[in-house]
Protein chains: 2
Amino acid sequence: MNIRKDGGIKMPGKIDILVVEDDEDINQLLCKIIKKSGYYPQSAYSGTEAIMYLEKQNWDLILLDLMLPGMDGKAVLEKIREQGVMPVIIISAKNEKETKVSTLRSGADDFITKPFDIDEVSARIDSLLRRYRYTNKATERVLTHKDIQLNSEEKTVYVNGQKISLTVREYHILKLFMSSPKKIFSKANVFESVWNELFYGDDNTVNVHISNLRNKLSQANPNEEYIETIWGMGYRMKS
Amino acid sequence: MNIRKDGGIKMPGKIDILVVEDDEDINQLLCKIIKKSGYYPQSAYSGTEAIMYLEKQNWDLILLDLMLPGMDGKAVLEKIREQGVMPVIIISAKNEKETKVSTLRSGADDFITKPFDIDEVSARIDSLLRRYRYTNKATERVLTHKDIQLNSEEKTVYVNGQKISLTVREYHILKLFMSSPKKIFSKANVFESVWNELFYGDDNTVNVHISNLRNKLSQANPNEEYIETIWGMGYRMKS
DNA sequence: GAAAGGCTTAAGAAATACCTTAAGAAATCT
DNA sequence: AGATTTCTTAAGGTATTTCTTAAGCCTTTC
């Protein structure tokens, strides 16, 4: 069974969202909203399916309908909490006041009632992701490689003692490389991770940005080579 | 039931106050007073709702009416104490002498009787926060950066020796920046923190307020640049 | 060592993010 | 209720980044 459509590994910077909702139309709609926001949705149509996905990989956020056939939504929620700390937004029909209170109590982070406003869903997802990234200590705050220091809190990069200023794209690329310094990233990897879009073969933009990034890095320290090219494979931090 | 619309990151320096009162008019009035004092109120109209909010996040202070429909106010109070140490002000109708003694005994910090005087409420809130903050010490009362001095007790700001007058929004923005002077705040961060509402993407109000704030700051000292723009990322105090 | 395909670089075009201003709306004060 | 302050919204302009293109360079392969 092929779970991920893109066959993708969970990249840093790529945001995966699991949508647990039995109504097919609503599920599709939610996925559409998510995709439009630049994240990667995955549909699950039952509690059992949801749990399978939960065990398969980590998720950055979960949208969970409480009224599921078979397994109860609450059981899924418990499973999520077992799994670790993950942002959860509960979806539920209106006027289920009792449910609302008790689920928020049992560890949901936010709440959306059906019928929902598309923009609101989008905004709540964004907000929750921001909130988690703000408080989440799990992600390293400072990445170091050779004499590069990348501070993801201040979003600053120091090379050879001096601060260099990168554009957002350059910053994300560097962060991607530094988060797995031994890994080789193909152009497709970089593109899909940083741009959040599917990579369609013959594109030169990643090349260009890496070139610019290299320039800025070597401007701060001309004696070092930081990003190496693995011919026919991709790029990697030079160790 | 209106769950707060915020993306409420509990930022340092941002003071959240929960108002538990079933009478809608009184609740609104209290919220108004609180807002005017520069804090962030959240209405709860029942005991169950109150408890939900209690479990959702931490609160700096709670205003609690004892006469609630459904769940008793005392039960809420117990729940509060379970949750940890939080300042609580009890609101209650006059001439409930019995109640006054017993609730103060059960862990309330202060007591206001209806009908109340607006200034008195405001004063009691300030006083109680001050008392707690003295022992807490978590929040600085005077923030300093370059030649800016922000006194959160008096809610005054001095730049280059001279006092400048800011609007409430401007004040909060500046305070947010100064509370973490090295951190970059995105527009969404600023909006959700200062406005306490969900951020819906393409909004210009933060821009405008920051522009106004910059004008006022540079009017007091034209030679300095206090708030810098990090392109594509947000804003930050210039160091 | 020549051809092929991938890589790098530079420059102009397009897109995006940001800043300022001003005017109307809303809230607040008197 | 009228006056004042403050907030929001919209529009036009500026700055910066990002994308595209194309030409030249380098590595591999035959």
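What you see is a predicted model, and the numbers here were worked out from it, not measured in a lab. In what follows, chains are A, B, ... by sequence order, proteins preceding strands, each numbered from 1. Computed over heavy atoms, backbone and side chain alike; hydrogens, waters and symmetry mates excluded.
Applying the 4.0 Å criterion to OP1 and OP2 of D/dT8, one finds that B/Trp195 has a side-chain N or O inside that range. For C/dC7, the OP1/OP2 oxygens have a side-chain nitrogen or oxygen of A/Lys187 closer than 4.0 Å. OP1 or OP2 of D/dT18 has at least one side-chain nitrogen or oxygen of A/Thr167 nearer than 4.0 Å. When the side-chain nitrogen and oxygen atoms of B/Arg169 are compared with OP1 and OP2 of D/dT8, one or more of them lie within a distance under 4.0 Å. The side chain of B/Thr205 places no N or O atom within less than 4.0 Å of a non-bridging phosphate oxygen (OP1 or OP2) of D/dT9.
At whole-Å resolution of the value, CG in A/Leu213 and P in C/dT9 are 12 Å apart. Distance A/Asn207 CG to D/dT18 P: 16 Å, rounded to the nearest Å. Rounded to whole Å, the distance from CE on A/Met233 to P on C/dG6 is 13 Å. What separates CD1 of A/Ile230 from P of D/dC26 is a distance of 19 Å, to the nearest Å. Rounded to an integer number of Å, the gap from CD of A/Glu225 to C1' of C/dT8 is 13 Å. When rounded to the nearest whole Å, the span between CG of B/Asp203 and C1' of D/dA10 equals 12 Å. For the pair A/Glu228 CD and D/dC26 P, the interatomic distance rounds to 19 Å; values are reported in whole Å. Taking atom CD1 of B/Ile33 as the reference point, atom P of C/dC29 lies 12 Å away to the nearest angstrom.
Comparing B/Val208 and B/Gly234 by the nucleotide of DNA chain C whose heavy atom lies nearest to each, the residue mapping closer to the 5' end is B/Gly234. Toward the 5' end of DNA chain C, the nearer of the two residues B/Lys32 and B/Asn204, judged by each one's closest nucleotide, is B/Asn204.
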Report the C-alpha separation of A/Asn212 and A/Glu170 in whole Å, then their side-chain angles, then the decisive distance to 0.1 Å, and conclude whether the side chain to side chain contact (heavy atoms under 4.5 Å, CB included) test is met. CA-CA 8 Å; A/Asn212 293 336; A/Glu170 288 157 7; 3.6 Å; yes
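Two residues are said to be in side-chain contact when any heavy atoms from C-beta on lie closer than 4.5 Å; B/Arg214 and B/Thr229 meet this criterion.
Neither side chain, B/Tyr235 nor B/Asn189, offers a donor N or O lying under 3.5 Å from an acceptor on the other.
Between A/His209 and A/Trp195, the two ring planes are perpendicular [angle over 60°; tilted spans 30° to 60°].
Within the nucleic acid shown, A/Val168 comes within 4.0 Å of sugar-phosphate atoms alone, with no base atom in reach, counting heavy atoms only. Within the nucleic acid shown, A/His209 comes within 4.0 Å of sugar-phosphate atoms alone, with no base atom in reach, counting heavy atoms only. Counting non-hydrogen atoms under 4.0 angstrom, A/Tyr235 reaches the backbone sugars and phosphates but no base. The residue B/Lys35 sits apart from the nucleic acid: no heavy atom pair falls under 4.0 Å. Among the heavy atoms of the strands lying under 4.0 Å from B/Thr229 are primed sugar atoms or P, OP1, OP2 only; no base atom is included.
Remark: A/Gln57 CD to A/Leu18 CG distance equals 8.5 Å, nearest 0.5 Å.
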